[in-house]
Structures are given as structure tokens and as C-alpha cells.
Amino acid sequence: MTAPLAAAALKDRYQLAIVGAGPAGLAAATLAAEKGIDTVLFDEQPMPGGQIYRSVGKSPVRDRAILGEDYWKGGALVDAFQASRAAYVPNATVWQLAPDREIGVSVGGAARLVRADRVILATGAMERPMPIPGWTLPGVMTAGAGQILLKSMAMVPSGRIVIAGLGPLLYLIAWQYLRAGVKIDAILETTPRGNRWGAAAHLPAFLLSPYFAKGRKLLSEVRRRVRVVGMVEDIRADGGDKLQSVTWARGAERETIPADLLLLHQGVVPNVNLAMAAGCAHEWDAVQLCFNPVLDAFGESSIPGIAIAGDGAGIGGAESAAHRGRLAAIAAARALGAVDATTFGWEAPRHQGQLARTMRGRAFLDALFRPPHSFRVPTGDTVVCRCEEVTAADVVDAVAKGCPGPNQMKALLRSGMGPCQGRMCGLTVTETIAAARNRTPAEIGYYRLRAPVKPITLAELANLPASPEAVAAVVR
Amino acid sequence: MFRRLPDGAQSLVTVTVDGRAVRVPAGEMAAGALYEAGLIACRTTPVKGKPRGPWCMMGVCFDCLVVIDGMPNRQACLTPVAEGMRIERQDGARTIAPMEIEA
Amino acid sequence: MTDTADAVIVGGGLHGSSTALHLALRGVKALVIEKDYVARHASGVNAGGVRRLGRHLAEIPISVASMEIWHRIGDLVDDDCGFVAAGQVKVAESEAELDQLRARVAEVRALGFDHEELIGRDELKAVLPAISDHCIGAIICRRDGAADPYRTTTAFRRKAEALGARYREGVRVTGLAREGRHWRVTTDTGESVSTPIVVNCAGAWADRIAAMVGEHAPVEPIALMLMIAARMPHFVDPTVGATRRPLSFKQFRNGTVLIGGGYQGIVDRDRNWTRLDFDKLRLSCQTVSDLFPIMRGATIVRAWAGIEGRMPDDIPVIGPSAKAEGVFHAFGFSAHGFQMGPGVGSVMAEIITAGKTNLPIAPFAIQRFAPS
């Protein structure tokens with residue numbers, strides 16, 4: 001890759017622009033550059049790796065055993081990218097992708113508009129919101145946040161720690177913390193008993209998948225050393241100005257645990273804002289309980305020339321992400337004429353086969369770790385929109401008064417109008433309205449998203465270099 | 001609430017958090033400096049004045065908003081520290097950058 | 001859908017809903033047929049300016065009448081609509097611009113209206129402490145202000161329904177056919193309704209409705225862009241515009257700041273789709289940066305563009321059809337129809353039930369577009 005580019009050094013046009021330097025983006029950029037395509041990779045972080053391989057190039061964690069071998073695999077992807085000829089723009093916030101592939105991006109406080117012949121969005125996933133009472137208290141954060149603090153800053157929590165929710169990350173962070181010498185007071189699992197039956201049908205594929213052996217080892221080690229409470233039905237976090245205790249309930253059982261840190265996690269969902277704002281069609285996935293983009297076999301979205309790869313295309317994990325990135329890149333290469341039909345004809349199926357292999361076992365994980373309805377649709381005073389502090393009761397009330405959907409809800413209650421632009425509340429609001437109106441989330445729809453998908457200062461926008469058209473107009 | 005694992009020598013810089021000096025590794029995100037300074041909450045909300053701290057650490061939740069070198073609404077989890085950086089907690093709607101008022 | 005209705009209003013935006021309300025006050029219970037949902041387009045997403053300031057001379061009488069309604073809007077629709085009469089100010093950035101404003105005030109006063117007042121530098125600084133020092137004067141309308149467009153439109157709808165109007169959303173009118181002394185209104189769901197009165201309040205799509213009765217109205221769909229900046233401590237009360245560059249600038253009670261004006265995005269009215277032009281939003285930001293230095297560090301959190309209909313002469317079509325008995329028009333408000341909504345609905349109800357109105361609407365006649 002080139003040395004990291006500043007805003008002024010960006011060209012007006014690239015053949016291929018990729019957004020996101022996680023496994024999908026890195027793999028796509030590497031392959032595209034190999035095929036001779038003029039490629040640029042934009043990423044918000046200062047180093048490549050995305051979230052899953054965050055700081056893999058320079059993690060301050062000295063003891064490799066703490067983070068586990070899977071993490072360090074990301075290093076190979078980063079190395080290959082760094083050896084390629086793709087342009088790399090870190091610390092870049094992409095705030096617009098227009099359907100004609102004009103990209104609005106800010107680097108170091110300077111905004112630019114850049115065009116691309118093809119775009120691959122690899123903006124990945126984020127954690128599903130987990131709106132329990134008290135989830136906005138300081139001292140409550142996502143399991144992913146805990147993991148980022150560990151990977152990129154070698155920081156671990158002190159004090160009393162509770163981890164709650166469901167999904168593989170719960171056990172991974174617990175395992176990593178144990179290896180770092182951190183004591184965990186309890187893991188509260190919200191996986192309902194019923195999920196096991198749903199998952200059983202997919203068990204054979206899972207047993208053959210790469211996930212099985214890894215998962216089993218991790219799980220047993222954690223369970224040996226940490227108190228685990230299963231099938232928890234209710235969780236609340238309490239405290240004045242910060243977290244002081246966590247209370248769980250299951251049937252008639254109830255317990256309050258004093259706590260300084262509560263890590264919540266119930267799976268990950270695609271980070272849809274840039275793709276939706278660009279106009280890419282999405283649809284509700286009743287299995288994964290989120291909105292996934294509508295894509296063809298190579299990741300091309302409903303907008304020609306814009307493809308989506310990685311977890312943003314549908315949750316599939318890091319290895320799948322890399323293969324999806326390569327598929328999207330080879331398709332872009334074909335469209336740009338950088339590879340001929342023959343090359344495409346034997347390379348593409350290779351990536352498709354590898355993708356299929358890494359997707360084996362996902363159905364089992366999806367079914368087993370399907371978050372229960374009560375943890376997706378809160379009630380009463382529980383905050384739904386964190387930015388504007390709108391509660392579940394506010395939303396249900398608005399529905400009762402005739403508010404039919406999330407966009408009208410935005411205008412009425414300001415939910416979704418805060419700086420996070422619906423990332424933290426979109427799914428919750430859609431599902432809460434759906435439940436209140438006895439409809440499916442597919443019928444209710446999602447927030448209408450627009451650029452800028454991340455805030456941009458007035459000064460940056462005012463200083464955007466004038467487009468060639470605008471300059472020509474003045475000259476005329 | 002968060003402490004550092006022993007990690008050998010990294011080059012450190014000095015920043016201030018609400019006026020108090022802390023030493024943090026160069027290039028680390030400002031959120032790390034907040035924890036180094038012992039803060040759990042970094043702001044109060046504009047609507048109801050409630051205390052908030054970082055939630056996602058990856059730039060999607062916008063709960064880690066702080067004032068950095070006088071500029072408000074900066075995401076602490078996405079802003080790398082630099083020598084002499086001034087990090088302050090953000091109160092409610094207090095978001096006008098002082099430099100602008102002086103202009 | 002019912003078989004018959006006292007009147008059918010095509011379009012459930014502010015003008016459609018205001019007409020429905022005022023008709024209901026006169027005992028005429030309209031059926032409003034809206035192809036998306038009430039306040040989906042221009043009515044729900046405009047800058048919310050409630051102004052008499054700067055109007056085309058032909059619009060002033062209706063605008064002044066509408067303003068009186070705004071000042072008692074709570075009585076009419078049981079909701080204050082977020083209306084705050086903090087004034088509207090149009091600033092001059094140079095002597096030449098101030099001369100222009102001076103001439104304008106004289107012109108308006110000559111017509112017998114005194115709502116526009118010229119102020120100098122000192123008074124301007126008192127009214128807008130945060131305005132840049134290079135601004136030397138302004139026109140002010142002290143009793144003008146701003147309101148919440150979505151809230152206003154839905155309040156009119158709710159009150160209209162309470163008084164007997166009915167609404168069908170998600171249904172598009174596809175045809176108007178004469179049946180004796182009535183109109184058969186057909187829709188894309190296959191349902192139809194028979195009515196003696198059809199009111200065309202179809203905004204950016206009104207030309208298609210007019211065409212159904214053989215009338216020509218060159219509506220241009222436009223998409224004016226707006227931006228919102230994150231909350232700031234309170235620093236400005238009135239809504240602010242400029243003289244030689246487009247601007248509509250105001251701060252809401254919750255501290256967020258709205259920046260609009262006159263720059264257009266790209267629109268596809270058949271797909272309900274708009275695209276923002278950031279190159280032009282740059283110009284909006286430059287204007288704000290020049291006029292309000294305090295805004296230079298502001299954070300833009302959202303931008304959008306609603307779909308609106310513009311007429312070539314920038315004034316609306318209001319009045320009876322020239323070709324079709326029982327058909328009436330209120331559309332093409334060219335990005336400044338919000339304030340006129342309450343007044344226009346009253347005028348429409350008058351024309352429809354009494355056959356005439358005291359307010360001068362001749363300049364708005366649809367005939368002006370008839371191919372000669």
C-alpha cells in the first residue's frame with residue numbers, strides 16, 4: 001500500500017473505492033490491487049484490521065496467549081494489504097456515498113468529494129443494542145467495547161465484573177480476561193431453553209465446521225472458572241450516577257450482584273447506515289432478526305456498481321468476510337475489464353467454495369444465539385433511543401396515538417435524530433412498533449437514512465473544494 | 001475502573017483530562033486517557049442531563065462525546081491523543097467552542 | 001373507500017389538510033386521498049418558516065390573513081404547532097443590499113401593508129447579537145416566526161378528522177372522469193368515489209391531476225436541501241435570511257440549528273427519491289459561516305431534501321379550474337407555502353362553498369399557464 005494519504009492527496013477519481021479495513025475490505029483491496037485496479041481503501045481507524053482484528057499490527061498486549069490465535073491470523077491479511085499497491089486512507093470518515101458513487105470523505109478535518117467507478121462497502125457489523133433497564137448508566141458497556149480496550153490499549157477492568165447476554169463473544173471476552181488475570185463475578189446467559197431445540201436441526205453442519213472445536217474448548221475453560229447463570233429472563237442495571245449493581249431474574253429466582261462493570265452482548269448486526277443512505281435495498285431477515293442488504297452472489301447491491309462485503313452483507317464472521325471481499329473484488333475486476341472471462345471463470349468459484357465452507361455452522365449459531373424477544377423489545381421507562389433519551393413507553397404511547405412507523409416516530413419523538421443516527425435504536429424502534437401494531441418488522445420498515453451518515457463540521461463542509469462544474473460555472 | 005496490563009515501555013505523551021495531567025501511550029484513543037484519569041462518565045446528556053460514558057468504543061454510539069482542544073462533540077474513542085491535548089467532559093448542550101465566541 | 005363524498009381532496013399535505021379542515025368547518029366533509037402518508041413530502045420536512053417577510057406582492061394579502069390564523073392556531077387545531085413568533089429578519093451585507101431592502105419596504109408600505117420594517121446596524125445587533133459585524137441592516141417582521149411543519153400538518157389532519165373529514169393514505173388517484181354533474185375519482189387500489197367537488201392539492205404531482213381534466217400546469221419538482229446542526233446553547237431567536245444569497249437559518253428551542261435556503265438537490269418524483277448535492281450544501285455552509293461566526297465549529301448531523309412543486313413564476317396556483325366545473329386547485333407553492341397553509345385552506349373553502357373570496361386570487365389563476 002502507499003503511505004497513508006491525507007485529504008489533499010486524494011485523487012478526484014479512482015477505479016475502485018473500498019470503505020472499511022476489516023477482513024473484507026483488506027482482502028478485497030489486496031486482490032483488486034493485484035489485478036492492477038486503481039484502488040483506494042478508506043477506513044475510520046488509524047490502523048488496518050477493522051474491529052475484529054483491531055490493532056493487530058500494533059497491539060500493546062504483549063502476551064499472545066491472552067488474545068488467542070484467531071486474532072493474530074488477522075495479521076496475515078494486514079501484511080498482504082500493506083504489501084499491495086492499493087492506496088490507504090486511515091482516519092477517514094466516509095459520510096456520503098451517493099448512488100452515482102460520489103463519495104464524501106473527511107480526513108484530518110478536511111472534507112473531499114471523490115468519485116469511483118466501483119465501490120465495495122465493507123463497513124462491517126456493530127453490536128446489537130441490548131436495551132435493559134439501566135443500560136445507559138456509566139459502567140455499562142458492550143462486550144466488544146471491553147475487548148477493544150483490551151486489544152488496542154491493553155486495559156482490563158478492575159472491581160466487580162458481570163458479563164451478560166448471549167453469543168460467542170461473551171465467552172471469548174471472558175476467556176481473554178481470565179487469561180489476563182481478571183476475576184469475573186458472573187456470566188448471565190440469556191439464551192432461552194427453546195433456542196437449543198431450534199439449533200439442534202443445524203447441529204451436524206456445526207460439528208463439521210471450524211467453529212465447533214474452538215468453541216467447545218473455550219466454553220469449558222470459562223465454565224470451569226466462572227459462575228455462569230443460564231436462561232436468565234430479566235436483567236437490570238442499577239445505580240445513581242454510575243453502575244452499582246446488576247439484578248437478574250429467572251422464574252421465581254432473583255439475585256442482586258454488586259458490580260462496577262457490566263458488559264452486555266447479544267450478537268452483532270450489520271452496520272447499515274452508509275449502505276442504506278446510498279439507497280441500497282435492504283430486507284428484514286427473520287432468522288438473523290436484522291435488516292440485511294439485498295445482494296447477488298457476488299455482493300452487488302440493488303445499486304449497480306456498489307457491492308457490499310463482510311458482515312455488512314449479513315453476519316458471517318471474519319473468515320467469511322475475507323472470502324466475500326475477494327468475491328466482490330473479482331466481480332469488480334471483471335466489470336472493470338481487469339480480468340477476462342476465463343480468469344474470472346476459474347477464480348470466482350474458488351472464492352465461492354471457500355465462502356461456503358466458512359459459512360457452514362452459521363445456521364446453528366444463528367439459531368442457538370437468537371436473542372429473545374424480551375431483550376430486543378423493552379418496556380416502560382427503559383431507554384430506547386440513547387441519544388434523545390426516548391423510552392419504550394414513549395414509543396408505545398405514540399403508536400397508540402396513531403404513529404405508524406419509525407419515520408413518523410422520528411418527527412414526533414426525535415428518536416433516531418441524535419448523533420448516532422439511529423444506529424443504537426433503529427432495530428429496537430422497528431421491533432417495538434411492530435410488536436405494538438401486531439405487524440412484522442418487514443412491514444414496519446426502518447428509518448430513512450441520509451448523508452451525512454456521520455456528523456461533519458460546518459467548517460469542513462464550507463471548505464469542501466469546489467467541484468470542477470462549480471468552478472467552470474464561475475468562470476463562465 | 002480500567003487498569004493497564006504491564007506492557008513494557010511505550011512512548012508516552014501528557015494530556016490533561018478536566019485540567020488534570022495524565023500520561024498515556026502515544027497514538028492511543030482519548031477514551032483511554034479518560035479511564036487513565038479514573039473517569040467513568042465523560043458527559044451529561046443534553047435532554048435530561050444524565051451522566052454517560054463510552055458504550056461501544058468503536059464510533060457508532062456517540063456516547064463518548066467530549067470536548068477536545070476546545071472543540072465539542074468529539075468522539076473520544078476515535079480521536080488519537082497528542083502531546084498537550086486538552087480533554088474535557090461535555091456538559092449537556094454546552095457545545096460552543098470558545099474560540100468561535102472570541103472571533 | 002366510500003362510494004361518495006361531499007368533496008375529494010387529492011393530497012394530504014398542509015394545503016390539502018387545511019382545505020379539509022376549513023371545509024369541515026362549513027359542513028362539507030371531504031375525503032382526502034394521499035398517495036404516501038400525511039406530511040410525507042414538502043409539508044412535513046420544510047424549514048418551518050412562518051413569514052410574511054419578503055413575499056411576492058401578489059401573495060401578501062393571503063399571507064397577512066394567514067398570519068392572523070397562526071397567532072391563534074391553537075384555537076383552530078387544538079395544538080400550538082410549535083409556533084414561536086420570534087420574528088423573521090432578512091439581513092443586508094452591503095450598502096447596495098441595504099438599498100435594495102429599503103426600496104422593498106417602501107414598495108410594501110405603498111400597498112398599505114406595514115409588517116416589514118427596515119432597521120439599521122445597531123438595532124440589528126440588538127436583535128441578532130451573534131450576527132457578523134459586516135451586516136449593516138435588515139428588514140424585520142417582528143410578529144413572524146417559525147413552527148414545526150410535521151406537527152402542524154398532522155394537527156390540521158387530526159382536527160379535520162375530528163370534524164368529519166376522512167383520510168385514505170397509501171392510495172394514489174389515477175383518474176378523474178365526468179359523470180353527469182359529478183366526478184368519478186379512480187385510484188390505484190381499484191376503489192373509486194363519486195363527488196361533486198375535487199380539490200387538487202397534489203403538490204409536486206399536481207400537474208398530473210390537472211392533466212386529468214385537460215388543464216396545463218407546468219409544475220417543476222424540486223428538492224430544496226436542509227441541514228441540522230447538533231444542539232448549541234441558545235444564541236439566536238428570530239429566523240434569519242439574507243438578501244443576495246439563499247438562507248433560512250433558525251435555532252429550535254431544543255438548541256439544534258436548522259440551515260436551509262434555496263439550494264436544490266436532485267429529485268425523482270416517481271420514486272419519491274431525492275439526492276443531496278454536497279457541492280451546493282458547501283455554499284449554504286459558507287453563507288452561515290460568513291453570517292454567524294459562532295457556527296464555524298457546529299456539527300452537521302443530518303441533511304435532507306423534501307419534494308416540492310415549483311411554478312415558473314414562483315407563485316402558486318390557487319382557484320377554480322378554468323376547464324372543469326367543480327374542480328379546484330391549490331398547489332405549486334414553490335418552497336414558500338407553509339405559512340400560507342392556514343389562510344389558503346380558508347380561501348379554498350370559501351371559493352368552494354360560496355363561489356367567491358374577498359382575498360385577491362386572480363394572480364394565481366391556472367389560466368395563466370394555458371397554452372395560447
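Each chain gets a letter, A, B and so on, in the order its sequence line appears, and its residues count up from 1.
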Is the number of heavy atoms from other residues, nucleotides or ligands under 6.0 Å of Asp241(A) CG greater than 12?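 Atom CG in Asp241(A) is not packed in, count stays at 12 or less.
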Any chance NZ of Lys29(C) has more than 12 other-residue heavy atoms, nucleotides or ligands included, within less than 6.0 Å?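 Check fails, neighbour count at 12 or below.
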Residue [X] versus chain C: region with a heavy atom under 4.5 Å:
X         : value
Leu113(A) : side chain
Pro404(A) : neither
Glu460(A) : neither

Quick one: closest heavy-atom pair of [X] and [Y], and the distance?
X         : Y         : result
Thr299(C) : Pro455(A) : CG2-CB, 3.3 Å
Phe278(C) : Pro452(A) : CZ-N, 4.0 Å
Arg275(C) : Ala98(A)  : NH2-CB, 3.4 Å
Thr256(C) : Arg414(A) : CG2-NH2, 3.9 Å
Met227(C) : Leu461(A) : SD-CD2, 4.0 Å

With a 4.5 Å heavy-atom cut-off, do Ile300(C) and Trp95(A) have their side chains touching?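 With C-beta onward as the side chain, the pair stays apart.
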Do Ile259(C) and Leu458(A) have side chains that approach each other closer than 4.5 Å (heavy atoms only, starting at C-beta)?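 Contact flag for Ile259(C)/Leu458(A) side chains = yes.
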If I measure from the heavy atoms of chain A, does Arg151(C) come under 4.5 Å with its side chain, its backbone, both, or neither?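 No part of Arg151(C) comes within 4.5 Å of chain A.
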Would you give the length of the straight line joining atom CD of Glu388(A) to atom CG of Asn254(C), rounded to the nearest 0.5 angstrom?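 Those atoms lie 7.0 Å apart.
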